[in-house]
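Since the structure comes first, as structure tokens, the remarks are kept for the end.
For ligands, and for the atoms within them, numbers begin at 1 and follow the listed sequence.
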Amino acid sequence: MPSSTTAPGLWTAEDGARLYGLDRWGDPYFSVGDEGHVQVHPLGTEDRRLDLVALVQELQGRDLSLPLLIRFDDVLEDRLERLHQAFAQAITTYGYGGRYQGVFPVKCNQQRHVVEQLVESGRHWHFGLEAGSKAELLIALSLVADPEALLICNGYKDQRYIETAILARRLGRQPVVVIEQPDELPRIIAASQALGASPFLGIRAKLSSRSTGRWGSSVGEGAKFGLAAPEVLETIEGLRDAGLLGELRLLHFHIGSQITDIAVLKDALQEATRLYVELTRLGAPMGHLDVGGGLAIDYDGSRTATAASKNYSLQNYANDVVATVREGCEAHGVPVPTLVSESGRAIASHFSVLVLNVLGTGRVNEHLRPPGPEEPLIVRNLRDTLGGVQGLAADYHGLVERLQEAWNDALKFKDDALAAFRLGYLTLPDRALAEDLTWACCRAIVELLPAEGLPSELQALRSTLATTYYANLSIFRSAPDTWAIEQLFPVLPIHRLNERPTELGHFADLTCDSDGKLARFIDRGQVKPLLELHTLRPEEPYWIGLFLGGAYQEVMGNLHNLFGSTNAVHIRLKPEGGYQIDHVVRGDTNAEVLQAMEHNPDVLLERLRVASETAINQGRLGISDARRLMSHLETSLRQTTYLDS
Ligand SMILES: *Cc1c(COP(=O)(O)O)cnc(C)c1O
């Protein structure tokens, strides 16, 4: 791919990396090469790297069309490694007398290859799984055969869920049924009596320490899950009466996802450790403290306690868990527990990259017709307004007020034009001219605007003029959290990073939904509505990468407008150099998404075949056109739901 530079010497790949924050959030898995391409470092080291652009080109050569989800299994493994190393380090530093033994929350990414990979890579640490439903428990039971690995059973549990967990213990597995609701206790007692065996038990505490940010309200005292202090006590008594207290092995809490502020975690840890100590005093054997998930990702690289970031490192996190629990236990002479954590986001975010292509761009018209001889008054007014703005000098005294006034005038004249059109006094060409002139005013005003201290109305003008990049993507399928909870992900072109971007734009997706857009971008602790992008070159693709989306996005996406899953590939570095493709997961075909909505593709085709026969008989459609139509329909059913590129 040619990489011409618009201003030679003035813009380098480093500038590109800095502009999109990749030098911060990308570390250590992504960087920018001198040729302006994103480089992937699957092992988190300098020496082994893959050029993402070359990789996409090669994958396309294997008929894997965009949008394409590329999963780097080495990154997944490296995340697991780093998590365990951080805890091992903390345990040494603080002389902690216990172990760390993590689990992966399956809800974070239930894809078979992903869960299998994690179980496989985590085997030597006895890494386990956390299930939040019966289906997830089935996954966990079938994939984890290690008798020492934990299977944490959360979520709503009916009698069958509980009995399954009890019986799985006889298979030599270690399922822990975590009591989250007071009414689960009678079901657990009934199941244990019915089977003459008991499960390993845990209790989920509803802490009063609250997380901040998006998930803050879903935890704390008003949370959906967990037992408040009085309920914990009642449950302990209930277990004691049923002879089950001896099976209580674990205390669990989860204060919400993406904990951005480490201070919040410390509070929760202190409170939970106190509870743990009290539970041992009440006679429960215990042995495990499960600190839940919430370990955050620095999506914007700002290292702050803002929503898309966090103010601590992985090592800080492990240190705080280990040190706080040790301190709390030692103060009361209680042996320290095995530490369990349920990090999902922190393990699974980095390993997948979504690459999509831009289909085209759109912007408001820039070509003005020259003045005609007999222009209507409204049009002349707009020309005068434009002329007035163009005549202003940048150092004009009271510039901002003057520009605001001009913009108000332009908007008023534009409304007048619309009213005149409705009433029949303005022709369509004149109305179009009025709109073009309004945008020309807008552009002239934006060119004069100072960078700061603007009223919000003028500030918003920049976005009005922005370029829309049409993306071969469904936000609702591939990045649902950007829409549902306004989450930010790093988004940037994966090439041309050594070239100064000259446009400001946002993305519109393929769905017919006005929410189907990406118009919020990372900006070092802030959010910006427009992204710096490049102009499209004819006959040259423009590829965009969405990064850090490996957690939750793939599994929460929906079939809005019947756009299905994208193609996905699993890439692994080969020890001797180069890479191999471990798995190819084809995206949903049109036939598959139709079937998901109970339509029958064969019946749909047959109906259209009959309709075209009729049209042929009536002389409305030629035979070769009919064949072409049917061939398009049949091919479409076999293809993915995205556009050919
Ligand atoms: C969602 C969830 C997690 C995972 O949270 P992350 O923020 O992704 O680490 C862990 N435990 C429970 C109980 C959860 O509901």
Side-chain angles (χ1 to χ4, degrees), residues 76 79-80 82-83 86-87 100-111 114-115 118 127-133 135-137 139-140 150-157 161 175-181 184 202-207 211-220 223-227 250-262 264-265 268-269 272 288-299 307-310 312 314 317-318 321 339-352 480-481 484-485 487 489 548-556:
L76 199 59
R79 294 303 298 166
L80 212 51
R82 281 172 201 254
L83 178 69
F87 272 98
Y100 166 76
Q101 209 190 330
V103 295
F104 177 72
V106 174
K107 74 151 192 260
C108 192
N109 193 327
Q110 299 105 334
Q111 302 282 341
V114 176
V115 187
L118 280 168
F127 191 66
L129 295 174
E130 184 261 0
S133 67
E136 288 184 357
L137 178 62
I139 295 177
L150 295 167
L151 299 177
I152 306 285
C153 305
N154 286 325
Y156 291 103
K157 291 174 267 310
Y161 186 145
V176 183
V177 176
V178 177
I179 305 171
E180 308 209 3
Q181 315 271 354
E184 282 172 2
I203 280 188
R204 178 165 179 172
K206 192 184 283 191
L207 300 184
S211 183
T212 47
R214 176 62 190 61
W215 287 271
S217 59
S218 60
V219 291
K224 189 162 131 189
F225 293 114
L227 305 181
L250 177 142
L251 175 68
H252 166 68
F253 71 91
H254 174 66
I255 58 169
S257 206
Q258 185 72 4
I259 301 170
T260 59
D261 188 353
I262 189 95
V264 172
L265 180 74
L269 279 166
H288 298 82
L289 178 59
D290 177 352
V291 301
L295 179 51
I297 289 290
D298 194 358
Y299 293 98
S309 189
K310 57 172 181 164
Y312 57 94
L314 177 55
Y317 175 86
V321 172
L339 295 168
V340 182
S341 79
E342 305 176 344
S343 289
R345 188 182 295 278
I347 289 176
S349 290
H350 293 81
F351 87 117
S352 81
D481 281 349
I485 55 172
Q487 195 183 323
F489 294 98
L548 308 186
Y552 303 110
Q553 302 318 295
E554 304 166 30
V555 297
M556 305 242 281

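Taking E136 as the reference, Q110 meet the side-chain hydrogen bond (donor to acceptor under 3.5 Å, both in side chains) condition, with sequence neighbours excluded.
The line from CG of N109 to CD1 of I347 is 11.5 Å long, rounded to the nearest 0.5 Å. Of the inter-residue distances, the one linking L548 atom CG with D298 atom CG reads 9.0 Å to the nearest 0.5 angstrom.
A donor-acceptor pair is defined here as one N or O able to donate and one able to accept, closer than 3.5 Å; no such pair exists between the side chain of K206 and the backbone of R204.
Using a 3.5 Å distance cut-off with no hydrogens or angles, the side chains of Y317 and S341 do not pair a donor with an acceptor.
Using a 30° and 60° split on the angle between ring planes, Y100 and F87 fall in the parallel class, below 30°.
Ordered by chain and residue number, the residues placing a heavy atom less than 4.0 Å from ligand 1 are P105, K107, E130, N154, R204, H252, H254, S257, Q258, G293, G294, E342, S343, G344, R345, Y552.
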